[in-house]
Amino acid sequence: MQRRVYLDNNATTMVDPKVKDLMDPYFCDHYGNPNSLHKFGTEIHPVISDAFNKLYEGINARNEDDIIITSCATESNNWVLKGVYFDKIYTGEKNHIITTEVEHPAVGATCKFLESLGVEVTYLPINKDGTISASQVQAAITPQTALVSIMWANNETGLIFPIEEIGEICRQADVLFHTDAVQAIGKIPVDVVRANVDFLSFSAHKFHGPKGIGALYIRSGVPLTPLLHGGEHMRGRRSGTLNVPYIVGMGEAMALAQEYLDYENQVVMRLRNKLEDALLDIEDVFVIGNRLQRVPNTTLISVRGIEGEAMLWDLNKAGIAASTGSACASEDLEANPVMVAIGADKELAHTAIRLSLSRFNTEEEIDYTIEVFRKAIQRLRSISSSYGA
Ligand SMILES: *Cc1c(COP(=O)(O)O)cnc(C)c1O
């Protein structure tokens, strides 16, 4: 069988087998609806409570009522933006949202939709460090601003945004603050109290939990109009029968993510750095943002003279899975805005390859990847009309 190396963990991750094992009994043995009054329902209560405990410990939420289960981070992001629209903008109180030009489409496209309803949206351009500074946010806030929505870590570059400082600015200005923390959970410590966030989104499948389940943290006392009205589940905040096995899975995935945080920052980071160092030894290979604050698993690499898509193809033939950027945007041939912002020339902007590791990658896989990269660069450059000409 052909060898397979998975280096696209920012798109999705393998479910940890321990997570899968814990979920298993809740499909055919303990399948009750926790809202039911009989034993099938009530026996689920401690299970749900245990999963919520793991979730709120993972982000240092004050209590389990602050975390609402959703179907994914896309839903969580939509909910915050549309909920704040209903609460503050539709009512005529405010009319402005601040976000960045490098958000995941779950935020970006929702903001575009809200613009079509008459909302004013500021898309902050990233600075030469590939992030947004707190002073940029401060300068953009007006008395009309209802919400600031800025990601914790970027899915393409892995660059970490100064969320604590931005949170402080928003708190002082009395503006609601949301962060999409999908790429931060399990990679860096996430603490909703220290970060002063009102809303925080995450998704289980980005940290070795199942796909199709996520959550939204809502700070105690902050109202948010529901997207899903119905049977008053989750204290009326998000109706729909609880997805018990997936909640169990997400809880365990969160607990494991905390357990492996040091491992991520030591072993996974060392493997990522080893890969980067070996590729940087090759002429005209660049790493985007490697001197800046990044999550430990991600590298965005640029190989002069080779289109990202061509490189992906060669890697894929050798069984290595990578990406040209966000999986949701890789069909988009626009130049990567992060690369443009940090000053890469236009030709380089089409050469980006994202490699994202996980705790399941081995040293041997990284050695193999380095070898495949070297050969692919040699081969593709030898047939490239733009390189060395
Ligand atoms: C993957 C991702 C999402 C979307 O998560 P889903 O669970 O697929 O909805 C949102 N934001 C970021 C930064 C992501 O990487």
Side-chain angles (χ1 to χ4, degrees), residues 6-15 19 55 59 67-82 99-113 123-124 126 130-132 148-161 163 166 178-188 190 195 197 199-217 227-228 238 240 243 246-247 249-250 253-254 257 289 294-300 321-332 336-338 352 354-358:
Y6 189 72
L7 298 176
D8 199 11
N9 287 278
N10 287 9
T12 197
T13 60
M14 182 181 99
V15 174
V19 168
L55 293 176
I59 61 170
I67 290 179
I68 318 295
I69 304 297
T70 63
S71 63
C72 57
T74 298
E75 181 189 330
S76 303
N77 290 343
N78 267 264
W79 183 15
V80 172
L81 291 157
K82 291 172 184 171
T99 185
T100 79
E101 62 174 8
V102 294
E103 295 300 311
H104 187 275
V107 168
T110 309
C111 285
K112 291 277 179 237
F113 168 71
Y123 300 90
L124 293 174
I126 48 172
T131 66
I132 302 288
V148 171
S149 178
I150 294 181
M151 64 194 344
W152 198 311
N154 183 264
N155 41 311
E156 295 183 34
T157 57
L159 289 168
I160 299 169
F161 290 65
I163 289 306
I166 295 170
H178 166 242
T179 186
D180 172 347
V182 170
Q183 295 293 345
I185 303 280
K187 297 171 184 167
I188 53 174
V190 167
V197 298
F199 308 109
L200 178 141
S201 309
F202 61 86
S203 190
H205 75 102
K206 301 289 176 85
F207 55 94
H208 304 292
K211 293 165 190 58
I213 186 158
L216 181 65
Y217 160 82
L227 271 193
L228 302 190
R238 198 236 184 220
N243 187 344
Y246 281 59
I247 293 171
M250 181 158 68
M254 179 65 96
R294 286 181 302 162
V295 291
N297 79 317
T298 308
T299 182
L300 189 65
S323 152
T324 51
S326 153
C328 318
S330 61
E331 274 150 47
D332 181 354
N336 182 314
V338 180
R354 180 187 71 188
L355 301 161
S356 44
L357 286 67
S358 83

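Order of listing sets the numbers, starting from 1, for every ligand and every atom in it. Because the structure is predicted, anything quoted here is derived from the model rather than measured. Values below: all heavy atoms of this structure, side chains included; hydrogens, waters and symmetry mates excluded.
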#### Entry: Counterpart residues, salt bridge (Lys or Arg N to Asp or Glu O under 4.0 Å), relative to Glu103 (two or more places apart)
none
#### Entry: Minimal non-hydrogen separation, Thr13 against His208, with atom names
OG1-N, 2.7 Å
### Query
Between Ser203 and ligand 1, is there a nitrogen or oxygen pair with a distance under 3.5 Å?
yes
### Query
Is the closest side-chain heavy-atom distance between Leu7 and Leu357 below 4.5 Å?
yes
### Query
Heavy-atom contacts under 4.0 Å between His205 and ligand 1: side chain, backbone, both, or neither?
side chain
## Note on the structure
Here the pair of heavy atoms bringing Gly249 nearest to Val19 is O-CG1, 3.5 Å
### Message
Side chain, backbone, both or neither: which applies to Ala106 and ligand 1 if a contact is any heavy-atom pair less than 4.0 Å apart?
### Response
neither
### Summary
Going by the 4.0 angstrom heavy-atom rule, the piece of Val182 near ligand 1 is side chain
### Message
Could you tell me, atom by atom, which parts of ligand 1 come under 4.0 Å of a heavy atom of Lys206?
### Response
1 (C), 2 (C), 3 (C), 14 (C), 15 (O)
### Task
Taking all non-hydrogen atoms of both residues into account, name the closest pair between Asn77 and Ala106 and its distance.
ND2-CB, 3.7 Å
### Message
Which of the numbered atoms in ligand 1 are under 4.0 angstrom from any heavy atom belonging to Gln183?
### Response
13 (C), 14 (C), 15 (O)
